[in-house]
Number of protein chains: 2
Amino acid sequence: MARTSEEKILEAAQRIFTRFGYEGARMQQIADEAEVNKSMLHYYFRSKKKLFEEVYRDAVVKLMPQLLNLLNADLPLEEKIPKLVRRYITLMRDHPRLPGFIIQELHQNREEWLNFMDNLDFGKPKKFLEQVRRNQEQGKIVKIEPRQLLINILSLCVFPFAAQPMIKYMLKMDDAEFENFLDVRVESLSTFILNAITP
Amino acid sequence: MARTSEEKILEAAQRIFTRFGYEGARMQQIADEAEVNKSMLHYYFRSKKKLFEEVYRDAVVKLMPQLLNLLNADLPLEEKIPKLVRRYITLMRDHPRLPGFIIQELHQNREEWLNFMDNLDFGKPKKFLEQVRRNQEQGKIVKIEPRQLLINILSLCVFPFAAQPMIKYMLKMDDAEFENFLDVRVESLSTFILNAITP
DNA sequence: GTCTATATAACGATAGAC
DNA sequence: GTCTATCGTTATATAGAC
């Protein structure tokens, strides 16, 4: 309990915003969660919107740069893909609400969101796309549009987290079974993707 | 314009709710979109929540039963998968906001959501999972946990719609380029998946 | 069925004492 | 920095005339 009020508020806001969204979250709810007076939220962050933007920025910074680093790393594809799958799924298991939060929230004001993202500046998967193209020309992997492969890998890793409740429902999994499903998934996915691109 | 007020309201509510979510949507906004008086919303649907539930139910009914039918159809896997990919992506292109809407909204009240879904009763992918297991035993496809394959197919089809803004941003695509990306994707995905599971 | 007017409650935000 | 009290606004919802 050596945390300052500001830290307590920010952590509470992360829990509430990622769960209920910007519109669904209540300042009083965040104050209760942080165990501070509601006025403190305005004292430290001025407005709900500014507090939200801090939370959203933290969420993006937690997931996106690591993804880009893994994608653009200096490794052959057959090593890079299993490593990426393993590391990225591990990362998201620690923050299972972030994928859905990032892709869903704030997309009403497209203009504003684009500006916001540009300011974060977490790079582009350019090196990865070139690597795929090169491997393809050398006949090391099958013919595939590099961006399609990128989105395939991303879809396979991220979707299970974004759609977690629906998946649990459809496959009648409880929390423990879902965790087990993710354990299996790490190995399963690597094999699946490498099979798909091996000539 | 032979539509009744009730129909106009429901269609307007679909546009507003799928775009802004339950908490972000305003009854006045829906009334404006439907070009009716705000009181009519309560006259026909009693409350915001009941109106939302109709919209959410319609959304699920538009996507889920068709998916389950395609999954459980009587077709060999090598025919079923390309057909499923093609038909399901085509369906979602007509309703690009529904995937994100369905997997994100209403998940605060888990208990209530589970009840709601049970009442819709759109079946389970049991037949598909058995088919995969059978194909595997016969050595027609590689060793893979059937549920993993199911989620792989689902992820690859659905995620690009749920994460559309982020994908457009990362790959610097405008609307036209994204549509083109989806055109390519239909063929690309079928090949990708079949490659992945062919021994 | 459709309108205007209004009730009622909740929300974000601020003022000001300490 | 932290609290109480309250302002101003906006939301859902209803009452009642036509």
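Because only heavy atoms are used, hydrogens play no part in the values below, and waters and symmetry mates are left out as well, while side chains stay in. Just so it is clear: chains get the letters A, B, ... in the order the sequence lines come, proteins before strands, and each one is counted from 1.
The side chain to side chain donor-acceptor pair (under 3.5 Å) contacts involving residues 64-76 of chain A comprise A/D74-A/K127, where partners must be two or more places apart or lie in separate chains. Residue pairs satisfying the ring-ring contact (aromatic ring centres under 6.0 Å, His included) criterion with at least one member in residues 134-185 of chain B, sequence neighbours excluded, are listed as follows: A/W113-B/Y169. The side chain to side chain donor-acceptor pair (under 3.5 Å) analysis of residues 190-199 of chain A, with sequence neighbours excluded, yields no pairs.
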Please write out the pairs of protein N or O atoms and N or O atoms of nucleotides 14-18 of chain D separated by less than 3.5 Å, giving the distance to one decimal.
{"from": "D/dT14", "atom 1": "O4", "to": "B/S39", "atom 2": "OG", "distance (Å)": "3.4"}

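Looking at residues 16-28 of chain A, you'll see that no heavy atom sits under 4.0 Å from any atom of DNA chain D. Only at 4.0 angstrom or more do the heavy atoms of residues 51-59 of chain B sit from any atom of DNA chain D, so none qualifies.
Between B/E177 and A/R147, none of the side-chain N atoms (NZ, or NE/NH1/NH2) sits under 4.0 Å from a carboxylate O, so this pair counts as no salt bridge. Look at A/E112 and A/K49 and you find a salt bridge, because one of the NZ, NE, NH1 or NH2 atoms lies within 4.0 Å of a carboxylate O, short of that distance.
Here the C1' atom of nucleotide C/dA9 and the NZ atom of B/K48 are 14 Å apart, to the nearest Å. Straight-line distance from the CG atom of A/N37 to the C1' atom of C/dA15: 14 Å, rounded to whole Å. Spacing between atom NZ of B/K50 and atom P of D/dA13 amounts to 10 Å, rounded to whole angstrom units. The distance between atom CE of B/M40 and atom P of C/dG1, rounded to the nearest whole Å, is 8 Å. Distance B/E7 CD to C/dG1 C1': 15 Å, rounded to the nearest Å. Whole-Å rounding puts the A/Q29 CD to C/dA10 P distance at 14 Å. Following rounding to the nearest Å, B/L41 (CG) and C/dC3 (P) show an atom-to-atom distance of 12 Å. Counting to the nearest Å, the C1' atom of D/dT2 and the NZ atom of A/K8 are 12 Å from each other.
With sequence neighbours excluded, no residue satisfies ring-ring contact (aromatic ring centres under 6.0 Å, His included) with B/Y43. Evaluation of the ring-ring contact (aromatic ring centres under 6.0 Å, His included) rule for B/F17 yields B/F52 as partners, not counting sequence neighbours. With sequence neighbours left out, the salt bridge (Lys or Arg N to Asp or Glu O under 4.0 Å) criterion links A/K83 to no other residue. Not counting sequence neighbours, B/F20 has no partner by the ring-ring contact (aromatic ring centres under 6.0 Å, His included) test. Taking the side-chain hydrogen bond (donor to acceptor under 3.5 Å, both in side chains) definition, one finds that A/E11 meets it with A/R3, sequence neighbours left out.
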May I have the list of side-chain donor-acceptor pairs in residues 90-99 of chain A shorter than 3.5 Å, sequence neighbours left out?
{"from": "A/T90", "atom 1": "OG1", "to": "A/R86", "atom 2": "O", "distance (Å)": "2.6"}
{"from": "A/R93", "atom 1": "NE", "to": "A/E179", "atom 2": "OE1", "distance (Å)": "3.3"}
{"from": "A/R93", "atom 1": "NH1", "to": "A/D183", "atom 2": "OD1", "distance (Å)": "2.9"}
{"from": "A/R93", "atom 1": "NH2", "to": "A/E179", "atom 2": "O", "distance (Å)": "3.1"}
{"from": "A/R93", "atom 1": "NH2", "to": "A/E179", "atom 2": "OE1", "distance (Å)": "2.7"}
{"from": "A/R93", "atom 1": "NH2", "to": "A/D183", "atom 2": "OD1", "distance (Å)": "3.3"}

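A/Y44 comes within 4.0 angstrom of sugar-phosphate atoms only, judged by non-hydrogen atoms across all strands, and of no base.
At D/dT2, one or more side-chain N or O atoms of A/S5 fall inside 4.0 Å of OP1 or OP2 (strictly under the cut-off).
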